[in-house]
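Quick note on labels: first sequence line is chain A, next is B, and so on, each numbered from 1.
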Amino acid sequence: MSDIIRRDPRSEWIARNRLHPLHASLQALGASWVGPSGLIRKNPHAVAFVGPNGLKRIDRSGAQQGGGGKRASISAAAQLPLHIIEQPSFHIVVVPDMVGGRLSSHDKDLLGLASMLAGSEGAVVAVVFGEHKESAFDTAGVDRLLHIQGEAFVGYTPEQRIMALRAVDDQLAPRHWLFPDSRTGGGELGRRLAAKLGERPATRVWQVADGQCIGRAGAGQQDLARRAPRLILAAAECADPVGETRHEVRAIELEGTLAHSLTRIDNLGAVAVDPALTPMAEAEFILSGGNGVRDWELFHQAAEVLGATEGASRVAVDDGFMPRDRQVGATGTWVTARVYLAVGISGAVQHLQGIATCDKVVAINKDPGCDMVKRADLAVIGDSTAILQALIERVSEYRQGDLRDVA
Amino acid sequence: MSHDPLNVITLVSVGAHPVTGRARRAEQDARAVDLGLSLAGKELHLLHAGDPQAEALRAYLGMGLAEMTVLQQPPQADVLPALGNYLRHAGAQLVLTGSQAETGEGSGMLPYLLAEQLDWPLIVGLAEVESVTGGVAQVLQALPRGQRRRLQVRLPFVASVDNAAPEARQSAFGPARRGQLQQQEVAVVEDALLEEAQLQPARPRPKRLKVIKAKTGAERMKAATAKASAGGQVLTDMTPEQGAEAIFALLRGEDVLR
Ligand SMILES: Cc1cc2nc3c(=O)[nH]c(=O)nc-3n(C[C@H](O)[C@H](O)[C@H](O)COP(=O)(O)OP(=O)(O)OC[C@H]3O[C@@H](n4cnc5c(N)ncnc54)[C@H](O)[C@@H]3O)c2cc1C
């Protein structure tokens, strides 16, 4: 690129006009920014700008207007300040669930609670077992990461994990242990550790403030308020997740080797359950059909091959292709699937309400402009019958390949 | 698969109706009793620590049992030592519990502490006992989203039952009246927790609002006017095979194809 400074009157005009749609993208890099160490740096030369009549102007209102002379490329996303704890005076240990290898929103709330408890003196330690796919520990608020790997921690291994957590307890003597009080592992692990350490935990906690914590008691009709104990099993949304800082994620190791105990519980693996029998509200993977499904035989076959629970839109139900209890949406079931595959569904608001909490939505539809395609993470435009057919073939091929590998 | 009748003890408690708060049989405990009945039949042994006069306990007897043992305890007592002492000498091979009480603290710690005290293994969320051979039981554990996991565990063990276990049978009035509550006097240990903690009516939790973290007016404007979801990848003009391949890749990545 040449270094000749050329003025671009149009972009200068856009940069001055706050109502222009491109205004935001043309704001020059500010006169101050956050340096790598977290300090605010200032460029004294960038304070002024060249006004429309060619004179240098200084805007003291703080919101600087006008282009910076050169067309600046759009800056990268702002870096959050880095929070560094060199010598923590205490530790707060969090054991996230890591459903699917990633921090769940429950885990992030818990890390938010942990960094609140840690303040500026303590360090938040996350203990993660086995492989993970998470890349955003830093913005979730993890100061130290204790990654415990090995054969012994693969799958469901509560006894080994408790052994490891006891070693962590000896090594760090954490001020607080935090577990998500969930059915996906944290609730069980936390209670097992509490029984092992002989600590009385606070469970289903939804608020921690000033050394006091409040948790649900009994069947949810009462709250129990008490001094915050060392072991806390917290409910979802117990605190706001970390949002303003980046953390170091410095790796730490477990000192000494873990003695391998004889296990009394052997895991024989997951059992194949019939997806048609899982309640739709709980199903993990739903194949849902609407008015755009032409061949219902094929649809049922696809559900079987994919191992998905079947769902339907209201039109499919009203037309008699699917039973009433399969209807998804405002007047049907509100589903929580991780993956929702919508075939020939236009995405009426009443239907979209029912899938609001689904993680990944895949749409197969003829119409690229319909609302379901806008909602979807992946949309394939085409005829439903042909695509379902191809999908069945692709998946059966994969299944057979799997069988050959095993044999 | 059939198996010899096991020596099973189910621990039961007094529940509370979710709306009226009236005393009733606890939902999960009733499921544990049902599971116990399917394993041990009429030989199932019921155990409760608390007030032997509680009428709600009879609902468990109405499920088809003639008697139940009640270890007499005042309302504020820690029932764990009493239960542990009793179970240590009861010769049970399997102790079933609910996973959370409907009254009191309801921390769900009892099965864990009991297993720790007895030094027995603990199965959380038992759904079914498949077989028992040579002192080893093969069981199914209920996982979230209707999934099941097969586990093998040595007898004796403690197992907690949650709402994923089969629905409990109804309680019949006549047998419930006729059943016997056998009370036993045991030592009482006060629970220290309730001295420092207080129970209060549950406060509704505030709903979390969508927080917009914008520093400039332009960002705020963008956040307010932008469509809720930016939308994902849209694949147009491709053969069905290519489309199927893209969907397949996503399903593999999310690990939902089993
Ligand atoms: C009070 C009220 C409550 C309601 N509650 C619900 C509810 O709970 N759940 C619910 O689902 N609906 C509900 N509805 C109905 C809702 O408004 C819609 O009418 C309905 O969801 C539309 O269903 P659909 O998407 O299957 O059909 P359509 O809107 O007809 O959409 C069909 C889609 O299939 C596509 N298509 C057509 N042919 C093909 C092909 N060959 N290959 C691929 N794609 C194709 C089209 O492009 C279109 O996008 C409610 C309505 C009211 C008034």
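Looking at Glu102(B), both its backbone and its side chain come within 4.5 Å of chain A, counting heavy atoms on both sides.
When each of Leu140(B), Leu251(B), Leu122(B) is checked for heavy-atom pairs under 4.5 Å with chain A, Leu122(B) comes out on top. The choice from Val153(B), Leu151(B), Leu250(B) that makes the most heavy-atom pairs within less than 4.5 Å of chain A is Leu151(B). Between chain B and the options Pro201(A), Pro368(A), Pro275(A), heavy-atom pairs under 4.5 Å are most frequent for Pro201(A). Heavy-atom pairs under 4.5 Å with chain B peak, among Gln207(A), Lys360(A), Arg216(A), Arg227(A), at Arg216(A). Ranked by non-hydrogen atom pairs under 4.5 Å with chain A, the options Pro201(B), Gly104(B), Ala16(B), Ser107(B) are led by Ser107(B). The candidate from Gly146(B), Ser160(B), Gly243(B), Ala202(B) with the greatest count of non-hydrogen atom pairs under 4.5 Å with chain A is Ala202(B). Note: Ala379(A) leads Ala390(A), Ala235(A), Ala379(A), Ala219(A) in heavy-atom pairs under 4.5 Å with chain B. Ranked by heavy-atom pairs under 4.5 Å with chain A, the first of Met238(B), Arg154(B), Gln141(B) is Gln141(B). Comparing Gln100(B), Gln152(B), Glu241(B) by heavy-atom pairs within less than 4.5 Å of chain A, the highest count is held by Gln152(B).
In this structure, Arg203(B) does not pair ionically with Asp223(A), as no charged nitrogen and carboxylate oxygen lie closer than 4.0 Å. Look at Arg31(B) and Asp162(B) and you find no salt bridge, because none of the NZ, NE, NH1 or NH2 atoms lies under 4.0 Å from a carboxylate O. The pair Glu105(B)-Arg226(A) meets the salt-bridge criterion, since a charged nitrogen lies less than 4.0 angstrom from a carboxylate oxygen. Ionic pairing of Glu284(A) and Arg338(A) is present here: one or more N-O contacts between side-chain nitrogen and carboxylate oxygen are shorter than 4.0 angstrom.
For the residue pair Gln28(B) and Ser99(B), a side-chain donor N or O sits within less than 3.5 Å of a side-chain acceptor on the partner.
A cation-pi arrangement is present between Arg394(A) and Phe248(B) under the rule of less than 6.0 angstrom and at most 45 degrees off the ring axis.
When the shell of 6.0 Å around CG of Asp274(A) is examined, it contains more than 12 heavy atoms from other residues, nucleotides or ligands.
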